[in-house]
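Not measured: the values here are computed from a predicted model. Each ligand, and each atom within it, is numbered from 1 in the order the structure gives.
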Amino acid sequence: MSGNMGRLQAVQQIVNRPPVKISVPPTHLEDIWAENVFDLSKMQASLPKTVFKSIKNTITTGQKLDPSVADAVAMAMRDWAMGKGAKYYAHVFYPMTNLSAEKHDGFISVQSDGKVISEFSGKVLVQGEPDGSSFPNGGIRDTFEARGYTGWDVTSPAYIMETDNGSTLCIPTVFVSWTGEALDKKVPLLRSIAAMDKAANKVLKLLGHSNIARVNSSCGAEQEYFLVDASFAAQRPDLLLAGRTLFGKAPAKGQEFDDHYFGAIPERVQVFMQDVEETLYKLGIPAKTRHNEVAPGQFEIAPFFEAANVASDHQQLLMTVLKNTAKKHGFMCLLHEKPFAGINGSGKHVNWSVGNETQGNLLDPGDSPHDNAQFLIFCGAVIRGVHKYGPLMRAAIATASNDHRLGANEAPPAIMSVYLGTQLEDVFEQIKNGTVTESKQKGVMDLGVDVLPTLTKDAGDRNRTSPFAFTGNRFEFRAVGSSQSVSGPLIVLNTILADSLDWIGNRLETELNQGLDLDAAILTVLKEVMMKHGQVIFGGNGYSEEWHKIAVEERGLANLPTTADALPYLKAEAIEELFQKTGVLTPVELESRFEVYAEQYILSIEVEAKLAVSMAKTLIYPAALSYLAKLTSTMGSLSNLGITLDSQVAQSVATLANQLLTAANQLKEALAKHDFESTEAKMQYCAQTLRPLMDQLRQSADALEGEVADNEWPLPTYQEMLFIK
Ligand code: ADP
Ligand code: MG
């Protein structure tokens, strides 16, 4: 197919494409809710009482699993799954890449007499051995042993994944080396929760509580994504291989009118969303809000918050469901942070809080925050953590794709700061300026602090430009990328909170031992936190030039614009100490993470650069030449008739085509460099040399798109991809 024939056919197809028929949504959500999940109620119905009691205890309190119950659970799980048509089971795990991985096995077992039975024992449920060699391990398995093992995570329920070609029982697992090193994102998440629980417990005891349930962290993630029709996507090698467009001229109309955000959801998209939601409900994932996003073709889905470990598994599952369902509806779902240059990108706001059953949400101010010492302590601990470990938070969201978005005036800057809202910021300012005396408390109250919870929950008081904002009863980490696993950010947040709570606990103990009463001790310690770390609080415009200057020069905060700048922080001594002290990651595990993330960064930029060269040479350059040939032959024919045509267009196409070729060759040459003294140097090369060369190549390509006749242009345009649904 030459020129835009493919494009035109795609437009025809899409315009005539009816929404996919889906089953009529049931009137009662309860009818399908969690029907594909082997949850507590299904266990209760199918397990002997003592077994159920034991496993429930493990799930709710995090106590060690009694190995003797595994066989009974495995049998019940298998019967349930086979009753729903599953013939296979899969241990699902979460390697250090942002993906989910699965190893599928049949329930089938061949016996010595040749007969076949279905089998699934406790041993198989508890431990699996996937061929781990294809997963990046950052050197861990080279040093130790080649195999990796999966281990059943009892606290995250097993579920059935339905496809048109059958169902599979999926079992969430951890993935470790045989010497016990974490090769995944789940192990450190579980450890970070344990560390946070321990430190929170210590502080809560000092605050006078005696009945303290296990403290867990919660996560509610808001997922942004784009939908592009599959017929267009199939014609864009960049969307297929890199998940984003490497070329494409900005459309005459973008998101200026905000008409997409407030507009009705297109019918095909709405049916897609319904289908997604139905699948999620069956999987026990509480999808709650859905709406259009800022950019044309961009949407959001936000499940209700859940315990961090389950929320994290559900978030991975949600991304899979989005992608699979999109295929079924003739769309491609783009989870990339910046699929279209110049158009709003996608993030994943991670709403995070900590709490337990006895004390409730520890980040909830209650009715009178100045009295609510407990809240101020936990909030102060977060402030200290963000200030002390800002670069680590930046590193936790550092990917090649998220770099396109951070600091681009649509997403938070790469500088980590905390937004508290006017009232709370004022409370902390008063704490910093001296002990809050009776009269000063009144002063605080005069400022309307009594209504603080209501006020901060008001969207009007929200600061959209902050990477990390307090939003009434939780913090919202807004700089997280749309394609990322939420585990990384959650691990870091839990760990820095654990560290701060531990420090605060120790300081409180010292003050109490020296004779201060509890209130005075709390104020002393919080004042110290504010003196040392208060400069991380910022309520102004995070997008402004001014903030970038003040943050770095006056407040000493780090601005790490690229992943190449951020990732090396994982090797800093303070970070190694933090993870070791809290028991979340050993130095070897941390080092391996640096290696894996760095490799991913380098690989993804190299793949994009290679692809850019090839698209420029084999698609765009030929289109320019073919148009030039038509122009010049027309000019020749006309001049035979004595008519001369202005040669400006031909000139400009020729110039741009030459520029394109030069830029492509430069990039190709740059890609050939292989001698780097370190991983860090190679990352910097990607950020400082390859990326700018790709931008340069893109400039001539996009300019050509504005000159070459539309019917010669080989790639679906931004306008088509964004506006035709
Ligand atoms: P907005 O778009 O205004 O930021 P949404 O309502 O779209 O807010 O999403 C807010 C997310 O925060 C939801 O996933 C919600 O369940 C979650 N959330 C609410 N309260 C908490 C909490 N205490 N801890 C963690 N997440 C929470
Ligand atoms: Mg939000």
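Salt-bridge formation is not detected for the pair Lys282/Asp39: no Lys NZ or Arg NE/NH1/NH2 atom is positioned less than 4.0 Å from an Asp or Glu carboxylate oxygen. Salt-bridge check for Arg268 with Asp229: passed, with a basic side-chain N closer than 4.0 Å to an acidic carboxylate O.
At a cut-off of 3.5 Å, with distance as the only test, no side-chain donor of Thr358 or Asn211 sits close to an acceptor on the other residue.
Neither the backbone nor the side chain of Thr471 has any atom closer than 4.0 Å to an atom of ligand 1 (non-hydrogen atoms only). Under 4.0 Å from ligand 1, the heavy atoms of Glu476 that appear belong solely to its side chain.
Relative to atom 4 (O) of ligand 1, the option among His349, Glu222, Glu300 with the closest non-hydrogen atom is Glu222.
Close contacts of ligand 1 with Asn361, meaning ligand atoms under 4.0 Å from a residue heavy atom, involve 23 (N). Each of the atoms 16 (O) of ligand 1 lies under 4.0 Å from some heavy atom of Phe304. Counting atoms of ligand 1 from 1 in the listed order, those under 4.0 Å from a heavy atom of Gly220 are 14 (O), 26 (N).
Using cut-offs of 30° and 60° on the angle between ring planes, the pair Phe477 and Phe468 is perpendicular. Note on ring orientation: taking the six-membered ring where Trp is involved, the planes of Phe475 and Trp352 are tilted (angle from 30° to 60°).
Considering backbone and side-chain atoms together, Phe305 places an N or O closer than 3.5 Å to an N or O of ligand 1. Considering backbone and side-chain atoms together, Pro303 places an N or O closer than 3.5 Å to an N or O of ligand 1. Polar contact with ligand 1: absent for Trp352 (N/O pair, distance under 3.5 Å).
Of the possible polar contacts, one joining the Thr173 side chain to the Val92 backbone as a donor-acceptor pair under 3.5 Å is found. Remark: the backbone N or O of Val310 is not paired with any side-chain donor or acceptor of Ser156 at under 3.5 angstrom.
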